[in-house]
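Report on the structure given below.
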Protein chains: 2
Amino acid sequence: MRKKIAIIDLGSNSVRMIIMKIYEDGSYKMMDQAKEMVRLSEDMGAEMTLKPLAIKRTLFTLKLFKKLIEAHKADEIFAIATAAVRNAINQQAFLEKIKLETGFDFQVISGEEEAYLDYMGVMNTIKIEDCIIVDIGGGSTELVWVENRRMREAVSLPFGAVTLTERFLGKENYTSERIKKLVDYIRNQYKGIKWLEQVKGLPVVGLGGSIRTLAKIDKRKIGFPLESLHNYQMEYREVIYAYDLVTKTSIESRKDIPGVEKERADIIAGGVVPVKALMDFLKADKIIISGNGLREGLFFKYYLDFLGYPDEILEDVLYHSVDNTLKNYDVNVEHCLHVTKLALSIFDQLTPLHGLGEAERKLLFVGAQLHDIGMYVDYYNHHKHGFYLALNSRLNGLRNRELVMCAFIVAMHRNEEFKVDWKNYNMLMDKNDYEIIRRLSIFVRIAEKLDRNESGSVENISCYIMPDSVQMMLKTSNTPELEIAAAMKSDKLFEKLFHKKLYIV
Amino acid sequence: MRKKIAIIDLGSNSVRMIIMKIYEDGSYKMMDQAKEMVRLSEDMGAEMTLKPLAIKRTLFTLKLFKKLIEAHKADEIFAIATAAVRNAINQQAFLEKIKLETGFDFQVISGEEEAYLDYMGVMNTIKIEDCIIVDIGGGSTELVWVENRRMREAVSLPFGAVTLTERFLGKENYTSERIKKLVDYIRNQYKGIKWLEQVKGLPVVGLGGSIRTLAKIDKRKIGFPLESLHNYQMEYREVIYAYDLVTKTSIESRKDIPGVEKERADIIAGGVVPVKALMDFLKADKIIISGNGLREGLFFKYYLDFLGYPDEILEDVLYHSVDNTLKNYDVNVEHCLHVTKLALSIFDQLTPLHGLGEAERKLLFVGAQLHDIGMYVDYYNHHKHGFYLALNSRLNGLRNRELVMCAFIVAMHRNEEFKVDWKNYNMLMDKNDYEIIRRLSIFVRIAEKLDRNESGSVENISCYIMPDSVQMMLKTSNTPELEIAAAMKSDKLFEKLFHKKLYIV
């Protein structure tokens with residue numbers, strides 16, 4: 001049942017590939033990734049013909065990808081082509097040439113199919129109920145209206161970063177007049193989409209290289225402490241700052257803006273104007289950047305089909321990615337589940353004491369589940385390794401602030417001290433969050449000690465809140481003296497946090 | 001062929017367990033670890049009887065371990081007992097009781113067997129040709145003379161941290177007179193070992209909780225930047241510093257010395273006196289701490305037997321642990337091997353230019369092999385993740401300075417920038433090391449780009465050193481334009497490092 005699949009996405013600006021591995025236990029992992037800015041749609045012009053030079057560059061890269069696929073011994077290849085090929089007069093000749101020289105069977109997907117895959121990529125990796133997804137590619141722009149996590153409307157517009165640049169901006173420095181013309185053009189396009197009037201105020205989820213570039217500029221500017229771009233959020237004013245940088249600086253100095261790739265500098269303005277125009281049109285006050293789109297969407301379509309859930313999306317993004325992470329790091333899943341159960345039980349019973357709610361309960365769930373992942377790196381200091389892995393693994397369905405808090409809970413699940421520069425994460429957290437983390441992590445710590453034989457012998461905990469103390473009564477299949485002794489090592493910390501003594505019997 | 005084995009080691013002071021998993025591909029990993037200070041030999045006295053309270057504590061812990069083993073579904077259990085049980089008059093009754101209550105079949109090993117397992121633990125995880133291994137346990141002390149990686153002599157002495165403390169030091173503060181009596185006793189014991197006279201000046205490799213405590217004290221004092229204790233080295237004067245701390249402070253304040261476990265504070269002096277006495281006796285100027293001993297030795301004995309190499313030790317500790325790490329992190333091994341081959345070829349041919357030797361070539365080998373391990377965490381920023389994993393994985397056979405240098409080579413194998421606080425590692429490295437890292441990592445970078453299709457199509461490189469430039473001629477099965485273009489992105493850095501232009505054709 002092990003599978004390795006390659007997914008190639010041939011766009012107007014770039015060709016990209018991911019290689020995904022599905023393991024026996026149903027978990028998966030990205031094994032490799034490649035991209036090349038082949039600029040396939042270059043100079044297509046009004047006659048809509050793929051040009052020899054662009055074809056040559058593309059073929060060259062596809063041959064490279066083929067080698068990479070062979071090296072990985074992938075079982076299946078999914079090759080899809082979007083706007084440039086979709087619109088090309090010489091599409092058939094081009095695809096035959098590819099087939100002949102590389103063996104790849106490219107499937108040209110419609111704009112609506114592209115929008116659907118974008119939707120699949122976003123909805124399986126971001127926890128959001130209602131939103132507008134926008135994917136600005138090189139040659140097309142997709143918009144999806146998501147309501148209650150289902151795709152309600154989708155449309156593909158025939159312009160993207162490359163084509164807009166060629167048609168409106170050119171290779172000189174941009175005059176404000178040119179930009180205005182472009183904005184007017186786009187606004188008219190948006191006006192033509194009737195349902196777009198009904199969705200004003202919804203959050204926008206943005207995909208594609210141009211939008212990621214906005215996020216990269218912003219991350220550099222503020223010194224954002226996490227690596228991943230996925231789920232990064234920008235306020236409208238932050239978008240405006242990056243937008244002004246790329247639209248108002250000269251062609252030459254645009255390359256030097258921190259966060260802008262050199263190969264993208266000439267088309268980036270063409271890619272960000274539609275974003276800002278959309279935010280203005282919808283009066284959106286923020287945009288969430290998705291690192292996952294078309295390719296990941298196709299992967300999830302395949303994966304869910306493979307597992308026997310065709311045409312579905314993941315029911316719970318967070319739960320799924322936590323489970324995948326646990327399997328990737330080969331932990332004792334039953335122990336993690338039991339610790340989670342005990343920690344949540346303590347949390348629930350001590351609600352009058354800590355006053356925390358559903359949101360924090362979720363963090364406790366994730367932190368408890370992941371508490372042992374660091375053992376994959378090394379048993380010793382596994383709490384520290386767990387902190388690193390939790391921060392850098394593909395945990396979806398959490399806000400960045402929540403992700404950091406979960407990582408801290410993992411880090412603090414042992415008695416061993418964990419020194420960290422909280423300051424690094426200050427920009428993501430509220431002042432109270434540190435106190436919340438301390439409270440949640442002591443529940444994991446106690447639960448972990450009570451299941452230190454990893455066999456679930458402490459089945460249940462009943463907590464009684466007394467005037468001066470908290471009493472925990474254990475229901476257990478054996479005499480849990482050692483477990484109690486170990487859990488009681490947290491007594492001083494407990495008293496400090498909750499101003500009551502801890503007794504476990 | 002997958003196996004999970006549990007190894008339990010019942011000593012005089014503590015009972016410890018590791019659970020190891022051997023995967024289908026022959027790689028392995030520690031899945032769990034447990035220890036409890038049961039102090040089995042407490043109050044054995046001259047009549048050499050295990051006392052009821054000590055037996056009770058031990059049984060209690062063993063039952064806990066049994067649960068843990070069941071939770072892990074281990075296939076095999078190896079349970080060994082050392083000095084306390086070895087010497088006990090009531091050994092048989094004790095073992096029968098254990099068998100009855102836990103099912104464990106403890107094998108009581110002789111001092112010589114204990115010494116042999118120590119030897120196996122050390123020689124399979126530390127790269128050293130000749131040394132004296134000393135393992136100071138709770139109730140016995142083993143000494144092994146290693147010559148050309150083979151065990152030449154071994155002896156087990158009937159004293160350890162617990163028994164020496166009971167006999168010479170007691171529970172009061174120590175007078176210098178008492179310490180002196182203890183030192184005299186030990187020196188006489190050493191004098192009785194004839195071969196010990198012949199090995200003066202050999203490096204000492206130290207095992208056991210007392211010796212690890214010396215290292216922990218030293219690490220805390222100097223703010224050592226790495227996590228692992230294994231392979232940690234201390235100069236004689238550093239040993240003296242920690243030794244004075246634990247022998248000259250009061251019983252009460254000993255618990256507060258950073259690095260000293262509370263449960264060990266009462267016997268730590270009894271454990272460090274024999275170390276210092278040995279160093280004095282051998283006139284050793286340093287000690288290498290091994291984190292691996294008896295249990296790991298038993299694991300390697302089992303593992304090598306399992307693979308069809310009974311009574312062997314690993315031929316190359318470094319090569320083996322690099323290979324194990326590659327498998328743990330599921331990388332494309334062929335690609336890593338090919339990049340290593342190309343990088344070493346460039347290194348060898350450019351020797352007149354860089355002037356580096358065998359020692360640096362080894363670092364290049366390791367860095368090139370491991371360059372992609374970070375992809376296990378996430379493709380994006382895998383160079384950074386690789387840095388973290390390389391530093392924290394069980395890479396054996398490297399000095400700490402070398403380990404850090406290899407991690408830096410991994411971190412710098414991509415064009416992406418890698419910002420790191422070099423200062424953190426200053427205490428481990430020479431000033432020139434940074435320059436060496438830069439030079440070595442550019443070879444990995446070029447080699448990686450030349451194998452970017454991961455299929456070995458660039459078979460060979462011939463380097464020509466010209467007055468103003470270095471020319472690399474590729475032998476390849478296809479036109480490597482993209483590979484060359486990618487590799488040539490390092491041209492400016494190359495010129496900066498070597499003051500010659502780079503051409504690849």
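Only this structure's heavy atoms are used, side chains among them; waters, hydrogens and symmetry mates stay out. Below, chain A is the first sequence line, B the second, and so on; all start at residue 1.
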**Item:** Check ion pair A/E483-B/K67 (N to O, under 4.0 angstrom)
**Value:** no
**Message:** I'd like to know which of B/Q33, B/K384, B/R452 tops the heavy-atom pair count under 4.5 Å against chain A.
**Reply:** B/Q33
**A/Y376 and B/Y376 aromatic ring geometry - parallel, tilted or perpendicular at 30°/60° bounds** = parallel
**Message:** Please determine whether the number of non-hydrogen atoms from other residues, nucleotides or ligands lying under 6.0 Å from atom NZ of A/K255 exceeds 12.
**Reply:** no
**Message:** Please verify the inter-ring angle class for B/Y388 with A/H385; under 30° counts as parallel, over 60° as perpendicular, anything in between as tilted.
**Reply:** perpendicular
**Request:** Measure B/D372 against the heavy atoms of chain A and call it side chain, backbone, both or neither at under 4.5 Å.
**Result:** neither
**Prompt:** Relative to chain A, which segment of B/E334 carries a heavy atom at a distance below 4.5 Å: side chain, backbone, both, or neither?
**Reply:** side chain
**Message:** Could you tell me if the side chain of B/E227 sits less than 4.5 Å from the side chain of A/D378, heavy atoms only?
**Reply:** no
**Greatest number of heavy atom pairs closer than 4.5 Å to chain B - which of A/N328, A/I69, A/L229, A/L389** = A/N328
**Message:** Which atoms of B/F60 are under 4.5 Å from chain A, going by heavy atoms: the side chain, the backbone, both sets, or neither?
**Reply:** both
**Message:** Which atoms of B/K63 are under 4.5 Å from chain A, going by heavy atoms: the side chain, the backbone, both sets, or neither?
**Reply:** neither
**Heavy-atom pair count under 4.5 Å with chain B, highest-scoring of A/K29, A/M30, A/M31, A/M375** = A/K29
**Request:** Specify the closest pair of heavy atoms between B/D32 and A/Y379, including all atoms of both residues, with the distance to one decimal.
**Result:** OD1-CE1, 3.6 Å
**Message:** Does any backbone or side-chain atom of A/T325 lie under 4.5 Å from a heavy atom of chain B? Answer side chain, backbone, both or neither.
**Reply:** neither
**Request:** Might you work through the salt bridge (Lys or Arg N to Asp or Glu O under 4.0 Å) test for A/K21 and B/D330, ending with a clear yes or no?
**Result:** CA-CA 11 Å; A/K21 182 169 173 180; B/D330 201 6; 2.9 Å; yes
**Request:** Check whether B/N332 gets within reach of chain A through its side chain, its backbone, both or neither, counting any heavy atom under 4.5 Å.
**Result:** side chain
